[in-house]
Amino acid sequence: MAIGQDRISIVVPCYNEEDVIAETMKRLCAFARQAEADVEIIFIDDGSSDSTRELIKAFDSQGVPIRLVGFSRNFGHQVAVTAGINLAQGDAIVLIDADLQDPPEVIHDMIKKWREGFDVVYGVRTERAGESGFKRATARGFYRVLNRLSDVPIPFDTGDFRLMSKAVADVLRAMPEKDRFLRGMVSWAGFRQTPLFYKRAPRYAGVSKYPLAKMIRFAVDGILSFSIKPLQLSVTLGMVSAGVALCGIIYALVLRIFTDIWVEGWTALMIAVLFMGGVQLISIGILGEYVGRIYSQSKGRPLYVVDEYFGFPPPL
Ligand code: UDP
Ligand code: MG
């Protein structure tokens, strides 16, 4: 490793990845040896309950610096990646999943683009092999909705597989938000950003650590962290329902005063009551989501708790 070379940090979040981690480390180390740069690989063990952490520590990387941050429990993918970015020493930082869906070899091209002067090189999936039709369809829908709502454009079909320069990483490090939606935060940061197209492989082994409930949470986070349009939507809903209610009131009064068929109308009454109730609950729910975020932000707790560092150089 020559002095004066670029330093690249690779950040890999892992949660119960014992089935793939050895292969991932092998591929990443092979990449590191070929790269014309000093590469450090930072694994974040996001509170795995299997042997992921032991496998990482025991791996013989033959000189490639392997670092490990062990969380005290599962804090979630986005938080794990955040910890990696906070600790990365590199001039450029690459985020990659542990399951080899994103081929490490693509990082060579990312580095090339970075050297051409781009600050963010984000991977765009041209194919998503091995993912269910349901996952693909929901992902497509999600990015479209997100872009309609969000105030910053967030590129379609991107994940967190990307390279960012130190300047962008410094912007992320200065963003204290608890609900983290990294790909949106990177878009928000600005600088020169460019896509890099690649084919997404199937997961090498193991199962997805993003069950449907987590995916929905993630999508809601993405939308609410980048937009207050849902609040505006609830105002619109409120106005429309108030308008409809007003027509109903006039209609009911006219019947009551000018005719004698005023005992009827149970159906209309039920519809109005249920409709108004629905609109109110939705609006309160939307409001609650934002209030909940203010609440968790105001507690000012740290984003994550580390119970082990391994392989980091001693502080100077
Ligand atoms: N992951 C994590 N914490 C979690 C869930 C996932 O660190 O709570 C990691 C996981 O080990 C993997 C990456 O995040 O490296 C993406 O997860 P996964 O491949 O299961 O998601 P999918 O590709 O199915 O969306
Ligand atoms: Mg995956």
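Atoms within each ligand, like the ligands themselves, are counted from 1 in listed order.
Residue-ligand proximity, Glu17 to ligand 1, at heavy-atom distances under 4.0 Å covers atoms 10 (C), 11 (O), 12 (C), 15 (O). For ligand 1, the atoms closer than 4.0 angstrom to any heavy atom of Asp46 are 2 (C), 3 (N), 4 (C), 7 (O), 8 (O). Close approach of ligand 1 to Gly76 (heavy-atom distance below 4.0 Å) involves ligand atoms 3 (N), 8 (O). Within the listing of ligand 1, atoms 4 (C), 5 (C), 8 (O) sit less than 4.0 angstrom from a heavy atom of Lys214. Using a 4.0 Å cut-off to heavy atoms of Asn74, the atoms of ligand 1 that qualify are 3 (N), 4 (C), 8 (O).
At under 3.5 Å, a nitrogen or oxygen of Pro13, whether backbone or side chain, sits near a nitrogen or oxygen of ligand 1. Residue Ala98 places at least one N or O, backbone or side chain, under 3.5 Å from an N or O of ligand 1.
At a heavy-atom distance under 4.0 Å, only backbone atoms of Cys14 (N, CA, C or O) approach ligand 1. Neither the backbone nor the side chain of Asn16 has any atom closer than 4.0 Å to an atom of ligand 1 (non-hydrogen atoms only).
Residue Lys26 places its NZ atom among 12 or fewer non-hydrogen atoms of other residues, nucleotides or ligands, all under 6.0 Å distant. The number of heavy atoms from other shown groups lying within 6.0 Å of CD (Glu36) does not exceed 12.
For the ring-ring contact (aromatic ring centres under 6.0 Å, His included) with Phe71, the lone residue among Tyr304, Tyr15, Phe43 that qualifies is Tyr304.
Checked against a 6.0 Å centroid threshold, the rings of Tyr198 and Phe161 count as neighbours.
Nearest protein heavy-atom contact of atom 19 (O) of ligand 1 is Asp99 OD2, 2.6 Å. Nearest protein heavy-atom contact of atom 25 (O) of ligand 1 is Lys135 NZ, 2.8 Å.
The aromatic rings of Phe142 and Phe218 lie tilted to each other, with the angle between the two planes from 30° to 60°.
Side-chain polar atoms of Asp119 and Ser165 form a donor-acceptor pair below 3.5 angstrom.
The distance from atom SG of Cys14 to atom CG of Asp97, rounded to the nearest 0.5 Å, is 9.5 Å.
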